[in-house]
Each structure stands twice: as C-alpha cells, then as structure tokens.
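See below for the structure under consideration.
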Number of protein chains: 2
Amino acid sequence: MKKRRPEARPAEILAAALTLFSERGFAATRLEDVAARAGLSKAAIYLYFADKSALLAAIVEAAVQTNIATVRERLGPPTGPVAPHLRTLLATIATILRTTAFPDLMKLIIAESRAQPEIGRLYLDRVIGSAFPLVQSLIARGVETGEFRRIDPAMTVRSLVAPMLLAALWRSVFEPIGAEPLDIDALAAHHADLIIRGLAP
Amino acid sequence: MKKRRPEARPAEILAAALTLFSERGFAATRLEDVAARAGLSKAAIYLYFADKSALLAAIVEAAVQTNIATVRERLGPPTGPVAPHLRTLLATIATILRTTAFPDLMKLIIAESRAQPEIGRLYLDRVIGSAFPLVQSLIARGVETGEFRRIDPAMTVRSLVAPMLLAALWRSVFEPIGAEPLDIDALAAHHADLIIRGLAP
DNA sequence: GCGTTATTTATGACTGGTCAGTTAGTTTTG
DNA sequence: CAAAACTAACTGACCAGTCATAAATAACGC
C-alpha cells in the first residue's frame, strides 16, 4: 500500500504548497499545513528545501518552464503570414490560463515580488526576457514583409498580450470574490482580431 | 510651531500607511512603523481606525473615488465622435499611473483580495462596476452610429484598458526589481491608435 | 481674566497568539 | 547494523490589539 518513494517527495511538497499558496497567499500559509497536505511533518520539508521562500521559487521556476515550453511548441516554426501565429499565441495562452493554476501563480508573483525579489526577477527573465522578444521579432517580420503597417513592435507586443494578463487576474483575483466569469477564449479571439485589423497597412 | 490639528490625523495616518504598505506590503508592515511615520504612537491609530484592515480599506476607498472623479471630469460629456474620447481615456489613465501611487495600490488590491475580500469587492464595484459600463456604452454608441464595426462592446472595453493594467503592474512590480522603465504615455497613445483602427468598419 | 473640572487626545507597557526554523532522537530501509 | 528518511517537541522572535494612566485642550463658573 504505502509505497515509499523518497525521490517523489520534492514534487509532492511543491504540489501541496502551490495549492495552499494559491488559496490563502504565501504569508498566510503555514508550512505545517503544507506538510500535512503532502503527508509529511513540517521538519521533513527542511530536508528538501532551504526555507519557505525556496519553496515558492521552485514552484515558479517549474511553472514558468513548463508553460513557456507549451507556448513554444504550439507556435511552431515562425513561417508564412504572421497573423495566424498571433491568433495561435493568444489562443494558447488563453488555454493555459483556463486550465492551469498559472493565474494564481501570477497573483503570487505580483504579491510577493517585493518581499521575494528573486521570484519577480525569475518571471522577468524567463517570461518578459525570453517570450516577449520572440513575439516582438514575429511582429517585426510582419512589418518587414509589409503584412503590417510600420508600428513599434515592442509596444505592440504589450498591446497584444495585455488582455491575457487582465484575464489571468480576473480569474485569480475577481472571480473568487464573486465577479461573473470571463470567457477567456472569446476575449483572446476577439482581441487577436482587433489587433490584426489594427495592424493592417 | 507644533500646531495641533486633530481633525487632520486620519489623513496623515492614511498617507503614512499607503507609503509603507506600498513599499513593504500589507502583512509585512508593522502598525508601529505607520504610527512612527505619522508622528504618533501605535495605540493612537486605534482611536481613528478599527483595525489594520480598516486602514487599507480607507486608503483604497479614497484613491478609487479621487481617480474615478478625475477620469470622469477629463472625459467630459460623451458627444461627437467616440474615437477621441477613447484616446483621452487612455491618456488620462496613463497620467494617473505615471503621477500617483495608484499602481502600488492596484498591486496591494491584487495581493490582499483573498485575505481582505472587501478591498477587492470595493474595486470591483467602483472601478469595474462603474467605469467599465461607462466606457462600454461609449463604444456601443460608436457601433450604433456606424463609426465602429459591429463588435462586442464588453470585450472591447477589456481589449482597450488591459495595457493600462499591464503598465500599472510594470511600474509597481517590475520596475522596483530592476526592469527598464516603460513609457506609459507612449503605450497609451500607441494602443489607442491600434484599437481605433481595429474598430473601423 | 483665572482657577477648576470635564473631555478629548494620546501613550508605554503588556498580553496572547502565531509560526519559521532547529534539534535531539526515532523509525525505516537496504 | 549503518545510513537515510523522518518526526515531536521546542525556541525565539514577532506583532496586532488592549488597558490603565497621563498630558493637552476645552468648558464653565465666578
């Protein structure tokens, strides 16, 4: 029954921590509860992680890595017209926001970035520093080929992805306190449409 | 020299609290430090506010009220073509985000909405519940007069304002940990342009 | 004006509860 | 039996909120 699987411990602890941090916030979550949920004692956590912050850092690290990989994979090689790529990008992000705990994680990052600057910097490096340039170069190619008018690609990236940030926070901040749900897929499709038309020469 | 001004106390305490909450987060701020910054003892705060949460609620209440008034005033009566109104809206929000502590406040609301649901609900009621419909009806009028194509006004509000949310969080979350500054006014202008072209029939 | 009392504004010291992180010792596994 | 995995119990620091008491100001009587 009770299989020992010590090498699975870190992942189990991380899963328990993500759930509780999301539900109650980082500061308000007791390590003892994380341990209980993972089927361990609090002291055991310290065999695998240096301290409470390391737990959060590991969660963010894992989630960011996984989801950037998903987006990269779904986007595929950047060939042909740019517009369909932009639609796919938003649709993929929308799916992630709808089906994973990523919105809660974003809320955590926003809330804790001052107290735990490494967490914020990790997101800054991986998401902003790696994904933004990728999209930016896509848009720049659209400008070069004449598919789009001559706009600033850097600003356009922000115009393009911002509603997905709004959607994430809607889900993690406002829905839990009683706001009516937002149709994230519809917003993604609507916004992609709007932007692509706005970019036409 | 030392003028007594007991009726100014609440405002002084609020100002001190906003500064410290913004800098270090709500949970991590000691009421004793708020008191010291306001030139009082901790116990004195309890003469004016019921508890720590009431402090946060009062800050949010005041900031939301002031800034919604600013936007309403700068927008003026909704007459003539809609497009200029949308440009003014984004430009006004951009100015607020650039010149006030509102971005820090938004970060606080996001961080504390689970622990202090009243705070989140206040923002939901006042900003989402009051400002969103206002903009939505503006866009709806544009659709009716034929100035815009037939899109969903509710979704378009979100497409329109989302980059201002991104800008606020850029300022309050990422700039403090070393991200390069974002030109919020430029983003507002760029985005207004993009959306208005995207809305053209 | 001027002393006396009432009221408002303020504080220092304390309490009770919380919880991250540690340690000394126990159980499990190979 | 040795090493690895684990835990109960403890410690030390922190801090929101309270309370008994003091200072400042206002109110009043004369």
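Letters go in sequence order (proteins before strands), and every chain restarts at 1.
- Of the side-chain N and O atoms in Tyr48(B), one or more sit less than 4.0 angstrom from OP1 or OP2 of dA10(C).
- The closest side-chain donor-acceptor pair between Arg72(A) and Ser130(A) falls under 3.5 angstrom.
- Between the CD1 atom of Ile45(B) and the C1' atom of dC15(D) there is a distance of 13 Å, rounded to whole Å.
- Judged purely by distance below 3.5 Å, without hydrogens or angles, the side chains of Arg141(B) and Thr79(B) never pair a donor atom with an acceptor atom.
- Looking at Arg171(A), its side chain does come within 3.5 Å of a backbone N or O of Leu97(A) through a donor-acceptor pair.
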request  = Assess whether side-chain contact (heavy atoms from CB on, under 4.5 Å) is satisfied between Ile68(B) and Val64(B), documenting all intermediate values.
outcome  = CA-CA 6 Å; Ile68(B) 285 194; Val64(B) 164; 4.1 Å; yes

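- Going from atom CG of Leu47(B) over to atom P of dT7(C) covers 17 Å, rounded to whole Å.
- Between Ile13(A) atom CD1 and dC6(D) atom P there is a gap of 8 Å when expressed in whole angstrom units.
- Taking 4.0 Å as the cut-off between side-chain N and carboxylate O, Arg197(B) and Asp193(B) count as a salt-bridged pair.
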Per-nucleotide protein contact string for nucleotides 12-24 of chain C (B base, S sugar-phosphate only, - none; heavy atom under 4.0 Å) = B------SBBBB-

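- Atom CG in Leu194(B) sits 5.0 Å away from atom CG in Leu199(A) (nearest 0.5 Å).
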